Amino acid sequence: MGKSKPLVIVTRKLPEPVETRMRELFRTELNLEDRPMTQAELVDAVKRADVLVPTVTDRIDTSIIAQAGDKLKLIANFGNGVDNIAVNAATEQSIAVTNTPNVLTEDTADMTMALMLAVPRRLVEGAQILAESSAWSGWSPTWMLGHRIWGKRLGIIGMGRIGTAVARRAKAFGLSIHYHNRRPVDPSTEEELEATYWDSLDQMLARMDIISVNCPHTPGTFHLLSRRRLDLLRPEAFIVNTARGEIIDEQAIIDALESGKLAGAGLDVFEHEPAVDARLMKLAKSGKVVILPHMGSATVESRIEMGEKVIINIRAWMDGHKVPDRVLPNTQ
Ligand code: 8YV
C-alpha cells in the first residue's frame with residue numbers, strides 16, 4: 001500500500017480523543033456535524049476511501065459494496081453488530097470487515113439489568129409522576145406496586161459475551177438462569193451460573209418470567225420472537241431487548257402488550273430505527289413498557305474503547321497484520 005497514509009472516511013462524529021488520534025495516524029475525513037450520510041454520500045465515500053468507518057446508522061448494503069472503488073480494502077465498523085453491513089458481498093470483493101467486540105459487553109449488560117428492574121418496579125412511571133405533577137400526597141401501602149424479580153426465572157436468548165455478562169448480574173439479583181443458544185456454553189460457565197440450557201426455544205419461552213434478547217441479528221434470527229412464539233409466553237412475563245429490534249416481530253409484541261397477553265417490555269432497540277411505533281410510545285406513556293433510544297453502549301468509556309478498537313484494526317491492516325476483529329461471513 002506504499003507509505004502514504006490511507007484515506008479513512010468516518011461516517012459519524014466519534015468521541016474527540018478517537019477523532020484526534022485518527023487524524024494523527026491516517027488521512028481522516030470526519031463528520032463534524034454528525035449528520036447521518038445519505039446512500040449517495042456513502043457511495044461517494046466507498047468510491048474514494050481506503051477504509052470506511054461506519055456505524056449502526058449506515059446501511060452498507062450490496063449495492064454500496066458493488067460501487068466501492070478498488071482502493072477500499074477495509075470496513076472497520078464502529079460497533080459490535082454488523083447487520084448493517086453486507087459482509088458476504090464485502091468478503092467476495094476482498095474487503096475485510098471488522099467490528100468492536102468485548103469493550104461494550106459490560107455496559108450493555110448493565111443497561112439490560114436496568115431495564116429488567118425498570119419494567120417490573122415501575123421506575124420510569126414513578127419518576128414521571130414526580131417530574132410531571134406536584135400532586136403526590138405521600139406514601140401509601142397499596143400505591144405504585146410492582147413485582148419482585150428475586151426468585152424469578154430469566155430466559156436468555158443468545159449466551160455470547162453480553163448474554164453471559166447479563167447472566168452473571170442476574171444471578172446476583174436472585175434470578176435463576178435459563179438460556180437458549182446454538183449450543184450449550186462450556187460446562188464451567190454453566191456451573192458458575194447454575195444455568196439451564198434449553199435447545200428448544202419454544203419450550204423455554206413457555207416457562208420463563210423474564211426473557212432477555214442478547215443474540216445478534218442475522219438472517220436466522222430475524223423475527224425469532226415471532227407472533228407464534230410470543231403467544232407461547234406466560235401473561236405475567238416480560239421481555240427485555242438490548243440487541244436488535246428486528247429479532248422481535250414488533251407489531252406482534254405490541255399486539256401482545258395491548259391485549260394483555262404479555263405483561264411488559266423494556267426495549268432499547270426497535271425494528272425501524274430511528275422510528276418508534278406510535279403504539280409503543282402510547283404503551284410507554286401508560287407505563288407498560290420502558291423504551292430507550294438505543295443506549296446500551298452509550299458510555300464515554302465504551303465509545304472511546306470502541307474507537308480504539310477501530311484504530312487498532314486499521315493499524316493492523318495498514319501494517320499487513322491479521323486484523324484482530326475480523327468478521328467472517330459465516331459468523332453472521
Ligand atoms: C452501538 C450496538 O451503539 O455495537 C452495537 O452493536 O448496537 C451499539 O451498542 C452501535 O452499534 C454503534 O454503531
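Order of appearance sets the numbers: ligands from 1, and atoms from 1 within every ligand. On a predicted model such as this, the values are computed, not experimentally measured, just so you know.
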Show me a pair-per-line table, with atom names and distances to 0.1 Å, of protein N or O atoms that are under 3.5 Å from an N or O of ligand 1.
| unit_1 | atom_1 | unit_2 | atom_2 | d |
| --- | --- | --- | --- | --- |
| ligand 1 | 3 (O) | Ser297 | OG | 3.1 |
| ligand 1 | 3 (O) | Arg303 | NH2 | 3.0 |
| ligand 1 | 4 (O) | Asn80 | N | 2.6 |
| ligand 1 | 6 (O) | Asn80 | N | 3.4 |
| ligand 1 | 6 (O) | Gly81 | N | 2.7 |
| ligand 1 | 6 (O) | Arg244 | NH2 | 2.9 |
| ligand 1 | 7 (O) | Arg244 | NH1 | 2.6 |
| ligand 1 | 7 (O) | Arg244 | NH2 | 3.2 |
| ligand 1 | 7 (O) | His294 | NE2 | 2.9 |
| ligand 1 | 9 (O) | Ser297 | OG | 2.6 |
| ligand 1 | 13 (O) | Val56 | N | 2.9 |
| ligand 1 | 13 (O) | Phe78 | O | 2.5 |

Answer yes if the side chains of Thr112 and Thr242 hold a donor-acceptor pair under 3.5 Å, and no otherwise. yes
Apply salt bridge (charged side-chain N to carboxylate O under 4.0 Å, His left out) to Arg21 and list each qualifying residue two or more places apart in sequence or on a separate chain. Glu24
Within a 6.0 Å radius of atom NZ on Lys73, are there more than 12 heavy atoms belonging to other residues, nucleotides or ligands? yes
Just by distance, do the side chain of Glu273 and the backbone of Phe270 share a donor-acceptor pair under 3.5 Å? yes
In short, salt bridge (charged side-chain N to carboxylate O under 4.0 Å, His left out) pairs touching residues 121-135 with sequence neighbours left out are Arg122-Glu125
Does any pair with a residue in residues 281-308 pass salt bridge (charged side-chain N to carboxylate O under 4.0 Å, His left out), and if so which ones, sequence neighbours excluded? none
